[in-house]
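Heads up: the structure comes next, in structure tokens.
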Amino acid sequence: MYTNDHQLYVANAAGKALSICGKMANRHGLVAGATGTGKTVTLQVLAETFCQAGVPCFMADMKGDLSGIAKEGRMSSYIEKVKDGFGIPEPVFAPCPVIFYDVFGEQGHPMRTTISNMGPQLLSRLMGLNETQSGVLDIVFRVADERGLLLIDIKDLRAMLNYVSGHAAELQTTYGNISSASVGAIQRAILSLESQGADKFFAEPAFDIFDLLRVQGGKGVMSVLAADKLMMNPKLYSSFLLWLLSELYSTLPEVGDMELPKMVFFFDEAHTLFEDTSPALTAKIEQVVRLIRSKGVGIYFVTQNPTDIPDAILGQLGNRVQHALRAYTPKDQKAVRSAAETFRPNPDFKTADVITTLGTGEALVSFLDEKGTPAMVEQAKILFPLSQIGALTEAERGEIIRRSPIAGRYDTMIDRHSAFEALLEDAEKAAAEQEEQQKEIEARKAKTGGFGALFKKVAVTAGTAFLTSLASNAVSGMTNGGKKSKSKTSAGQKALKSATTRATSALVRGTLGNLLK
């Protein structure tokens with residue numbers, strides 16, 4: 001609850017209000033606890049409090065429960081019992097302005113990005129690639145960038161992989177080895193992504209990060225992501241949220257410490273962010289968490305156990321709410337001790353003992369003071385929300401989506417000219433040029449073949465005439481050289497000459513034809 005004296009009132013410890021310091025709200029936070037201990041209600045109370053202060057928030061709704069933040073709450077027997085103890089004798093129930101999102105576009109406005117915006121590092125993690133395969137993916141992005149090819153959707157990425165594979169020999173000297181096995185592994189990973197619905201996520205229009213920074217009627221707009229289906233693929237979920245954080249970090253200007261943060265980002269099921277994560281990506285996450293506070297953004301990790309968060313990041317989470325932990329096994333007991341040690345001790349109780357006995361809605365709370373020093377841990381009760389606890393009906397959600405200020409902006413997917421189309425055009429152009437060259441070669445052959453036939457015919461005709469003439473002359477000489485009279489031999493000479501001419505012509509045509517083939 002945002003109070004009249006501008007306090008971010010969150011919890012109460014024996015009549016003492018525990019509030020987050022506005023100037024320190026961007027120093028990040030942690031909400032931890034076992035299943036069923038009240039983490040979701042605590043998240044709703046925190047988000048609602050920031051909303052009332054005019055700070056927009058983003059949160060993932062894992063079970064649909066958080067959608068009730070869009071509807072006015074109502075008095076219950078529990079609230080009636082505890083309201084005086086919280087110093088709120090007359091609670092003013094009110095909804096928060098909400099925009100619903102859904103990566104798959106089913107329970108809210110689609111949230112999309114492009115392959116280029118996601119980048120090779122996050123894509124490698126999303127697809128579970130090894131170091132060698134990640135290197136090939138780096139080459140694909142580099143080649144696409146140098147050739148001015150846009151990587152928007154999955155078919156663009158697949159087309160670029162085919163292009164790089166087909167030109168591996170010429171690219172190898174510049175970029176290194178591009179093995180067909182690595183390309184094949186990436187192609188299979190892409191196929192797996194498509195089966196999980198990632199083809200709807202990688203598309204345009206890409207989500208504008210500034211839509212998360214809306215304020216309506218003096219209240220910060222709550223951006224609620226439907227994540228029940230998304231959580232079926234934890235890597236897609238965590239990679240998507242990490243992309244959002246990276247976009248905020250790279251887009252927003254430096255503002256330093258403000259009276260109130262510019263935005264608060266709740267990362268539910270935060271343990272998924274660090275599972276199977278390479279050291280390089282973990283280092284990047286740590287960098288984003290460390291530096292994004294200077295952009296006025298606070299990150300609040302929500303998880304079951306503080307040990308789910310790497311120590312380098314856990315040390316930067318100054319505002320903490322620890323719900324009950326269970327200690328059924330030696331491993332659980334060790335986790336309880338580790339969680340207790342992260343708090344500044346309170347001499348009135350032993351933190352490790354209290355963690356296991358907290359009831360639902362109770363928590364150990366420690367916030368940073370104005371100097372950035374962690375306050376002594378207190379055993380406290382978390383406030384009740386002023387919006388509805390529990391999910392909206394489908395009709396109520398649909399009505400809010402219909403009246404949304406961004407209705408229609410992202411709903412229709414577009415497919416503009418990108419790497420797939422450019423490479424397809426290049427391939428078609430190369431095929432057309434090759435076909436034209438083939439036609440020219442065939443035409444040249446046809447032209448050369450016609451001239452040769454004509455030459456052969458002329459040569460055979462001329463040769464036949466010449467040799468026939470020689471044969472005729474020879475025959476004439478033979479007959480004239482005899483002793484018989486001209487009158488007696490003239491008929492024989494004519495017959496012999498005619499027969500010789502025919503035989504000679506046939507012989508010459510056959511001989512010259514064989515020579516000129």
For Gln304 and Thr35, does a side-chain donor sit closer than 3.5 Å to a side-chain acceptor?
yes
Tell me yes or no: between the side chains of Thr40 and Asp65, is some donor less than 3.5 Å from an acceptor?
no
Would you kindly say whether Arg326 and Thr356 are connected by a side-chain donor-acceptor distance under 3.5 Å?
no
Within the side chain of Gln379, is there an N or O that forms a donor-acceptor pair under 3.5 Å with the backbone of Ala13?
no
Between the side chains of Ser134 and Arg125, is a donor N or O closer than 3.5 angstrom to an acceptor N or O?
no
Atom pair CG (Asn305) and CD (Gln322), whose distance is rounded to the nearest 0.5 Å:
7.0 Å
I'd like to know if Lys155 pairs up with Asp199 as an ion pair, taking the criterion as any Lys NZ or Arg NE/NH1/NH2 lying under 4.0 Å from an Asp or Glu carboxylate oxygen.
no
Backbone N/O of Ala227 and side chain of Asp61: donor-acceptor pair under 3.5 Å
no
To the closest 0.5 Å, what do you measure between CD1 (Ile406) and CD1 (Ile99)?
4.5 Å
Regarding Gln107 and Asp228, is there a side-chain donor-to-acceptor distance under 3.5 Å anywhere?
yes
Would you please classify the geometry between the Tyr300 ring and the Phe266 ring as parallel, tilted or perpendicular, with 30° and 60° separating the classes?
tilted
Roughly how far, to the nearest 0.5 Å, is the OH atom of Tyr2 from the SG atom of Cys51?
12.5 Å
Any donor-acceptor pair under 3.5 Å from Gln316 side chain to Ala312 backbone
yes
Angle between ring planes, Phe201 versus Phe240, binned at 30° and 60°: parallel, tilted or perpendicular?
perpendicular
Indicate yes or no for a side-chain donor-acceptor contact from His109 to the backbone of Asp411 under 3.5 Å, with no hydrogens or angles considered.
no
Output yes when Arg337 and Glu341 qualify as a salt bridge under the 4.0 Å nitrogen-oxygen rule, no when they do not.
no
Given Gln187 and Leu161, is the side chain to side chain contact (heavy atoms under 4.5 Å, CB included) satisfied, shown in steps?
CA-CA 8 Å; Gln187 293 281 27; Leu161 278 167; 3.8 Å; yes
For Lys381 and Glu362, indicate whether the former's side chain and the latter's backbone hold a donor-acceptor pair under 3.5 Å.
no
State the CZ-OH distance between Arg112 and Tyr101, to the nearest 0.5 angstrom.
12.5 Å
To the nearest 0.5 Å, what is the distance between CD (Glu269) and CG (Leu230)?
11.5 Å
Closest non-hydrogen atoms of Thr49 and Tyr9, given as atom of the first, atom of the second and distance, are OG1-O, 3.7 Å
Here the pair of heavy atoms bringing Arg344 nearest to Pro374 is NH1-O, 3.1 Å
Between Ala407 and Ile401, the two heavy atoms sitting closest are CB-O, 4.0 Å
Taking all atoms of both residues into account, what is the closest heavy-atom pair of Asn12 and Gly85, and its distance?
ND2-O, 3.7 Å
Give a yes or no on whether the backbone of Tyr249 and the side-chain of Lys295 come within a donor-acceptor separation of less than 3.5 Å.
yes
Between Asn26 and Val297, is there a donor-acceptor pair closer than 3.5 Å when you use the side chain of the first and the backbone of the second?
no
Looking only at side chains, do Glu254 and Ser294 share a donor and an acceptor under 3.5 Å apart?
yes
Rounded to the nearest 0.5 angstrom, the CD1-CG distance for Ile285 and Leu273 is 4.0 Å
When Gln44, Glu72, Lys71 are each screened for side chain to side chain donor-acceptor pair (under 3.5 Å) with Ser387, the one that passes is Gln44
Are the side chain of Asn319 and the backbone N or O of Leu368 linked by a donor-acceptor pair below 3.5 Å?
yes
Phe93 and Phe384 aromatic ring geometry - parallel, tilted or perpendicular at 30°/60° bounds
tilted
Before accepting this row, confirm whether a basic side-chain N of the pair Arg27/Asp257 lies closer than 4.0 Å to the acidic partner's carboxylate O.
yes
Check for a donor-acceptor pair, side chain of Lys235 on one end and backbone N or O of Thr272 on the other, with a separation under 3.5 Å.
no
Test salt bridge (charged side-chain N to carboxylate O under 4.0 Å, His left out) on Arg409 and Asp208; report intermediate values, then the result.
CA-CA 10 Å; Arg409 178 175 301 180; Asp208 184 355; 5.2 Å; no
Min side-chain heavy-atom separation Ser67-Arg397 under 4.5 Å
yes
Testing the basics here: between Thr37 and Ala324, what is the closest heavy-atom pair and its distance to 0.1 Å?
CG2-O, 3.7 Å
Quick one: do Lys23 and Glu370 make a salt bridge, cutoff under 4.0 Å?
no
Kindly say whether Thr113 contributes a backbone atom to a donor-acceptor pair with the side chain of Asn117 at under 3.5 angstrom?
no
